[in-house]
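Heads up, the thing below is written out as structure tokens.
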Amino acid sequence: MRAAVLEEFGKPLVVQEVELEEPRAREALVRLEACGVCHTDMYTASGADPSGYAPTVLGHEGCGIVERVGEETTLVKPGDRVVTLFSPQCGECVHCLSPRTNLCLAIREQQSKGHLPDGSTRLTRAGERI
Ligand SMILES: [Zn+2]
Ligand SMILES: [Zn+2]
């Protein structure tokens with residue numbers, strides 16, 4: 001897929017090809033139709049965010065169509081129109097079960113490393129995980 005990669009803090013993004021893996025259990029692959037770079041992305045890109053990391057792909061807020069789902073994925077199915085958010089969700093903690101927030105804390109440690117809840121990523125570039 002094409003992605004705008006933040007290679008270095010404070011530098012322009014670099015649009016390039018990266019490899020995207022298939023969705024794993026409880027995940028969905030979404031074909032983005034639009035995405036934005038929000039203030040959180042800009043904060044990270046500036047280098048001022050102490051929890052920021054690079055290289056990374058910005059633009060976590062988007063909308064699109066579910067293309068494929070992994071095993072045990074029940075909330076969405078191929079063809080569903082969805083929005084993407086900053087944080088994955090465990091689906092089980094007090095925050096995920098609340099109708100007022102989706103800021104899951106159960107996976108915060110992995111998220112702050114740029115990882116999904118299982119500690120991995122789905123993007124690679126020339127064999128390097130990003
Ligand atoms: Zn955001
Ligand atoms: Zn949660």
Side-chain angles (χ1 to χ4, degrees):
M1 64 177 238
R2 274 179 69 211
V5 179
L6 173 68
E7 299 282 359
E8 290 182 62
F9 298 123
K11 299 281 176 68
L13 304 180
V14 181
V15 176
Q16 59 192 267
E17 294 291 321
V18 298
E19 292 80 44
L20 174 63
E21 292 180 17
E22 290 296 311
R24 296 184 188 174
R26 301 176 65 193
E27 296 178 353
L29 186 149
V30 176
R31 177 170 295 281
L32 286 178
E33 295 179 320
C35 70
V37 176
C38 73
H39 75 287
T40 305
D41 284 324
M42 297 305 291
Y43 183 52
T44 296
S46 75
D49 179 358
S51 65
Y53 44 82
T56 191
V57 177
L58 303 178
H60 53 264
E61 295 179 12
C63 68
I65 306 289
V66 174
E67 281 209 343
R68 290 187 289 284
V69 297
E71 295 176 6
E72 303 171 37
T73 301
T74 57
L75 290 176
V76 296
K77 62 185 181 310
D80 284 354
R81 181 171 295 278
V82 296
V83 295
T84 61
L85 301 170
F86 177 69
S87 173
Q89 294 177 266
C90 76
E92 298 168 356
C93 74
V94 64
H95 298 281
C96 288
L97 295 175
S98 166
R100 300 189 64 187
T101 179
N102 63 352
L103 293 177
C104 178
L105 295 179
I107 52 106
R108 181 59 56 89
E109 185 179 332
Q110 290 299 329
Q111 184 187 6
S112 66
K113 297 174 184 171
H115 297 161
L116 290 168
D118 70 357
S120 65
T121 72
R122 297 294 169 274
L123 293 175
T124 55
R125 179 182 55 190
E128 170 201 17
R129 290 210 167 272
I130 60 173

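Each ligand, and each atom within it, is numbered from 1 in the order the structure gives. Atoms considered below: every heavy atom in the structure, side chains included; atoms not considered: hydrogens, waters and symmetry mates.
Considering H115, R24, E21, R129 as possible partners of S120, the one that fulfils the side chain to side chain donor-acceptor pair (under 3.5 Å) test is R24.
With 2.8 Å as the limit, E61 counts as an N, O or S neighbour of the Zn ion (ligand 1). For H95, every N, O or S atom stays at 2.8 Å or more from the Zn ion (ligand 2). For the Zn ion (ligand 1), the N/O/S atoms of H60 include one lying under 2.8 Å.
Within 6.0 Å of atom CG in L75, 12 or fewer heavy atoms from other residues, nucleotides or ligands are found, so the atom counts as exposed in its surroundings. Summarising the local packing, CE of M1 is surrounded by more than 12 heavy atoms from other residues, nucleotides or ligands at distances under 6.0 Å.
Interatomic distance, CG of D118 versus CD of Q110, reported as 8.0 Å (0.5 Å rounding).
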